[in-house]
Amino acid sequence: MSPSTETAAPIPATRAARRPRHGKAKAILAIAAGTALLLGGGGTYAYWSTERALTATQVNSGNLDLSLGAGTWKLKGALQSVPVDLTSLTNVKIVPGDVLTLTQPLTVTLAGDTLVANLKAELGSSFSGSVLGQNLDVKLTMPANYGTSTGDTSYRLTSADSGTQSATLTITFRGSTNGQTAVNASVNLSDVKFSLSQAFPTP
């Protein structure tokens, strides 16, 4: 009896038809990947464009600065008609009714077409934090026609006010200070600072 010969089962038509699709799918994926790489930065596109330089010159910034010369102090008592020059403040003891006057040369630099600035005499913590400082009245006075006063210790300036001027700062020990208020107390006059800052609208 001879061995039987097995006949291979025929491949269904559906399976045979699917095989070419794998190749097509791979080709489509390869094309899509290449296109993505090209669009994602692997390639460049050239569009029409043009540019023109301005016909202009350079523009420069302005300047704001303040410097102080050597100031001089005077003291006038409530019953004195003429103030006394002080060469040193070290041993000065003021009493109610006294007026200390500082004559302070200062040089203002304001350069800017629209620059507006505030000049101030600012008082430090030894004025607000001591009983003596709380009984002192401080006033800044500038020459006539110089800037615009905006308070007891401040002026509004423009570039037209640049230059050297003589400021007057008066510190008055209120005559109304009674009893023993502010006896044996002190303030540090170095806590008075002149400041110059650009003015901006109030928020």
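Residues Leu64 and Ser197 share a closest heavy-atom pair of CD1-C, 4.1 Å. Of all the heavy atoms in Val99 and Thr170, the pair that sits closest is CG1-CB, 4.4 Å. In terms of heavy-atom proximity, Val92 sits nearest to Leu75 at CG1-CD2, 4.2 Å. Taking each heavy atom of Asp161 and Gly147 in turn, the nearest pair found is OD1-N, 3.4 Å. Among all heavy-atom pairs drawn from Glu122 and Ser195, the shortest one is OE1-OG, 3.1 Å. Considering all non-hydrogen atoms of both residues, Gly69 and Gln104 come closest at O-NE2, 2.8 Å.
With Thr172 contributing its side chain and Arg174 its backbone, the two residues share no donor-acceptor pair below 3.5 Å. Side chain of Tyr155 to backbone of Met142: a donor-acceptor contact under 3.5 angstrom is found.
To the nearest 0.5 Å, the span separating CZ on Phe194 from CG on Leu66 amounts to 8.5 Å. Here the CG atom belonging to Leu196 is positioned 6.5 Å from the CG atom belonging to Leu157, to the nearest 0.5 angstrom. A distance of 12.0 Å separates CG of Asp113 from OG1 of Thr158, quoted to the nearest 0.5 Å. Expressed to the nearest 0.5 Å, how far CD of Gln198 lies from CG of Leu110 amounts to 9.5 Å. Taken from OG in Ser162 to CG in Asn63, the straight-line distance is 9.0 Å, to the nearest 0.5 Å.
Scored by the salt bridge (Lys or Arg N to Asp or Glu O under 4.0 Å) test, Asp191 finds no partners at all (sequence neighbours excluded).
Residue Lys76 qualifies as enclosed at atom NZ: its count of foreign heavy atoms under 6.0 Å is above 12.
The only option from Thr150, Thr148, Asn118 that meets the side-chain hydrogen bond (donor to acceptor under 3.5 Å, both in side chains) definition with Arg156 turns out to be Asn118.
Between Ser128 and Leu123 the shortest side-chain heavy-atom distance does not fall below 4.5 Å. Within the 4.5 Å cutoff, side-chain heavy atoms of Ile171 are placed close to those of Trp73. In this structure, Val192 and Val138 have side chains that are not in contact, with every pair of non-hydrogen atoms separated by 4.5 Å or more. Using a 4.5 Å heavy-atom threshold, the side chains of Ser130 and Val187 count as touching. Put simply, the side chain of Thr101 does not reach to within 4.5 Å of the side chain of Leu169, judged on heavy atoms. At a threshold of 4.5 Å between non-hydrogen side-chain atoms, the residues Phe173 and Leu100 do not count as touching. Using a 4.5 Å heavy-atom cutoff, the side chains of Lys139 and Asp152 are in contact.
Under the 4.5 Å side-chain contact rule for hydrophobic residues, Leu89 and Leu136 share a cluster. The same ILVMFWY cluster, assembled from side-chain heavy atoms under 4.5 Å apart, contains both Leu140 and Leu68. Leu189 and Val84 fall into different hydrophobic clusters, defined by Ile, Leu, Val, Met, Phe, Trp and Tyr side-chain heavy atoms under 4.5 Å apart, directly or through other members.
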